[in-house]
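Values below: every heavy atom of this structure, side chains too, minus hydrogens, waters and symmetry copies. Not measured: the values here are computed from a predicted model.
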Amino acid sequence: IAPTGTGTAFRALSSATAQTRSFRAETIAAASAPAAPEVDASDVLRGIQSFVDDAPEATAGRAPALVARPLGNAMPPGAYRAFQSSDAAFAAIANRGIVSLAATTSTPLRTMSLVSEEDLQVVTDLQSGVWVRGRDGDIAKWVDGRLRRLALPEEIVPQALASGPQGAYLVALVRGTSTVRVFVAQGSGFRALVERTLEVPTGLVSIPFAGVGNDGRVWLALRVTREDGAGTRVRGAAVIDPQSEGVAYHHRQAAQGQGLPLADEVSGIAFDATGNAWFATLSGAVRVEDHQAITFDESRGVRGDVVTDVVAGAGNMWIASAEGLGSYADRRFDYSMPAIVREHRPVALAIDGHGTLWAAGRYGLLENEAGQWSYFGATSSDAQGRIVPGLPTAELRDVEADGQGHVWLLAPESVIVLQ
């Protein structure tokens with residue numbers, strides 16, 4: 001829409017003080033402009049044309065001439081609002097942010113506040129509602145194909161989401177303190193479950209991820225201030241039991257009776273069929289039992305000490321490590337994966353409700369359904385060997401599965417949902 005030019009003009013029908021109320025469309029051609037393109041006024045005003053056909057002529061005031069003309073580029077699908085700022089026009093696109101509209105291009109503009117940087121956290125509550133944690137702790141619910149942000153009290157700083165026996169759990173800090181509040185999803189929000197104050201000698205900075213076992217205990221990864229004050233680091237995990245006032249601290253220098261020796265650099269958690277917690281760490285996969293923590297490294301079957309993710313399957317644990325993808329069952333590791341797995345080297349793992357394993361990495365997505373592997377990249381091949389479009393990008397950082405049958409993929413600047 002421009003104040004002058006060639007196209008479809010909008011002539012004022014009625015007006016009020018300093019504000020025009022309605023218009024009628026009529027095709028005009030400016031003397032100094034080339035012939036106007038064919039523009040059907042009913043297309044421009046579709047949906048409101050019938051309401052202005054019989055409107056009376058304006059008796060006072062006159063709107064400035066307005067002209068609508070095609071931009072010459074395709075409008076992205078899903079637009080639900082358009083607006084103008086200075087000489088620029090914009091459209092709001094569902095799930096794609098704001099698009100800047102110019103004569104020949106449409107440039108997407110996104111805040112990315114609901115796109116995590118590295119760790120995608122997706123959980124499902126008992127009513128099948130899906131909750132997602134975004135950047136800076138923003139919490140959103142998946143509603144009708146869109147993410148809708150959850151409004152939280154000012155004193156609450158959301159930290160992590162986790163799945164557990166009561167569905168979806170939210171871990172938060174009371175602003176400016178080391179007090180942790182754990183909530184469980186209920187309806188369209190969360191209700192408080194337990195609150196504990198953590199004792200961290202150098203100061204608690206954040207809780208990067210959490211896990212909840214079948215016994216209801218909440219496991220929290222702790223990011224703390226370094227001893228020398230220069231930056232932050234991860235310091236193992238704390239365990240909150242809603243049925244007990246005490247808090248256990250598992251880390252490298254855990255005092256006897258207060259916790260178990262656990263590598264500080266934890267990056268993921270999963271629980272096996274017997275309730276043991278498994279951690280991905282820089283020094284192997286660690287299984288934490290009631291009275292001991294066992295580290296599985298190169299000497300105990302894990303190929304490459306750096307483990308990036310762990311996930312529980314049907315009777316086994318899947319381990320993504322520096323030298324490939326392996327599984328653990330019957331007290332032994334198996335890294336005899338097919339070439340398609342060795343070639344794409346996944347670093348993030350998820351199991352969906354059907355028991356299918358999804359493995360993502362910088363080269364694309366792998367699926368293991370009933371022992372059969374499939375690969376999804378930026379392009380793929382159909383049954384006739386023809387190249388067909390695949391994922392928007394093959395560079396993936398994380399993968400999660402929800403309780404509605406969706407697989408969520410984290411890319412550098414977007415979240416991709418496979419339905």
Side-chain angles (χ1 to χ4, degrees), residues 123 159-169 171 178 180-182 184 193-201 204 207-224 234-302 305 307 309-321 326-333 349 351:
V123 297
Q159 299 292 304
L161 290 172
S163 296
Q166 296 190 48
Y169 291 71
V171 176
S178 59
V180 176
R181 289 182 186 171
V182 181
V184 292
L193 175 67
V194 64
E195 177 179 309
R196 297 287 185 270
T197 298
L198 302 185
E199 298 178 0
V200 180
L204 179 63
I207 299 172
F209 65 90
V212 184
N214 290 332
D215 57 5
R217 291 189 298 167
V218 183
W219 298 66
L220 314 172
L222 305 181
R223 179 168 292 278
V224 303
V234 178
R235 181 180 180 264
V239 183
I240 294 176
D241 186 347
Q243 307 302 319
S244 173
E245 293 294 328
V247 178
Y249 298 90
H250 305 310
H251 56 95
R252 182 174 286 113
Q253 297 177 335
Q256 188 171 3
Q258 298 180 9
L260 298 172
L262 171 68
D264 284 343
E265 303 84 3
V266 296
S267 59
I269 185 173
F271 298 90
D272 61 23
T274 59
N276 299 317
W278 287 70
F279 284 94
T281 80
L282 295 182
S283 54
V286 182
R287 185 176 67 198
V288 181
E289 303 174 355
D290 288 338
H291 304 291
Q292 63 176 344
I294 302 174
T295 299
F296 296 93
D297 52 16
E298 285 274 12
S299 64
R300 290 191 172 184
V302 171
D305 285 341
V307 173
D309 207 359
V310 292
V311 70
N316 69 323
M317 297 295 296
W318 291 95
I319 313 289
S321 61
S327 64
Y328 176 83
D330 300 326
R331 298 186 178 184
R332 71 181 187 90
F333 287 91
L349 310 174
I351 297 282

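In this structure, Asp297 and Val302 have side chains that are not in contact, with every pair of non-hydrogen atoms separated by 4.5 Å or more. Here the side chains of Tyr169 and Val182 are in contact, with some heavy-atom distance below 4.5 Å. Residues Leu222 and His251 form no side-chain contact, since every pair of their non-hydrogen atoms from C-beta on lies 4.5 Å or further apart.
In plain terms, the two heavy atoms of Ile351 and Ala312 that are nearest each other are CG1-O, 3.4 Å. Scanning both residues, Pro208 and Ala221, for their nearest heavy atoms gives CD-O, 3.3 Å. Smallest separation of non-hydrogen atoms from Val123 and Ala162: CG1-C, 3.4 Å. Across Thr295 and Ser283, no two heavy atoms sit closer than the pair CG2-O, 3.4 Å. Across all non-hydrogen atoms, the minimal contact from Val310 to Gly268 is CG2-O, 4.4 Å. Across Val212 and Pro165, no two heavy atoms sit closer than the pair CG1-CD, 3.8 Å.
Evaluation of the salt bridge (charged side-chain N to carboxylate O under 4.0 Å, His left out) test over residues 275-284, restricted to residues two or more places apart or in two chains, returns none.
With sequence neighbours excluded, no residue forms a side-chain hydrogen bond (donor to acceptor under 3.5 Å, both in side chains) with Ser163. Residues satisfying the side-chain hydrogen bond (donor to acceptor under 3.5 Å, both in side chains) test with Arg196, not counting sequence neighbours, are none. Scored by the ring pair (Phe, Tyr, Trp, His ring centres under 6.0 Å) test, Tyr249 finds no partners at all (sequence neighbours excluded). Taking Val234 as the reference, Arg223, Val266 meet the side-chain contact (heavy atoms from CB on, under 4.5 Å) condition, with sequence neighbours excluded. Remark: Phe296 engages Trp278, Tyr328, Phe333 in a ring pair (Phe, Tyr, Trp, His ring centres under 6.0 Å) (not counting sequence neighbours). Residues satisfying the salt bridge (Lys or Arg N to Asp or Glu O under 4.0 Å) criterion with Glu195, sequence neighbours excluded, are Arg181. Under the rule for a side-chain hydrogen bond (donor to acceptor under 3.5 Å, both in side chains), the partners of Thr274 that lie at least two apart in sequence or sit in another chain are Asp272, Asn276. Here Glu298 pairs with nothing under the side-chain hydrogen bond (donor to acceptor under 3.5 Å, both in side chains) rule; sequence neighbours left out.
The backbone N or O of Ala329 lies less than 3.5 Å from no partner atom in the side chain of Asn316, so there is not a single donor-acceptor pair. Remark: the backbone N or O of Ile207 is paired with a side-chain donor or acceptor of Gln159 at under 3.5 angstrom.
Asn214 CG: 12 or fewer foreign heavy atoms inside a 6.0 Å radius. Within a 6.0 Å sphere centred on CD of Glu199, other residues, nucleotides and ligands contribute 12 heavy atoms or fewer.
Once rounded to the nearest 0.5 Å, the distance linking CZ of Phe279 with CG of Asp309 reads 12.5 Å. Rounding to the nearest 0.5 Å places CG of Leu349 at 9.0 Å from CH2 of Trp318.
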Which atom pairs, donor and acceptor, lie under 3.5 Å between side-chain atoms of residues 256-264 and protein residues at least two apart or in another chain?
from   : atom 1 : to     : atom 2 : distance (Å)
Asp264 : OD1    : Arg252 : N      : 2.9
Asp264 : OD2    : Arg233 : NH1    : 3.0
Asp264 : OD2    : Arg252 : NH1    : 3.1

Report, one line per pair, each donor and acceptor closer than 3.5 Å where one atom sits in a side chain of residues 239-246; sequence neighbours left out.
from   : atom 1 : to     : atom 2 : distance (Å)
Asp241 : OD1    : Gln243 : N      : 3.0
Ser244 : OG     : Gly246 : N      : 3.3

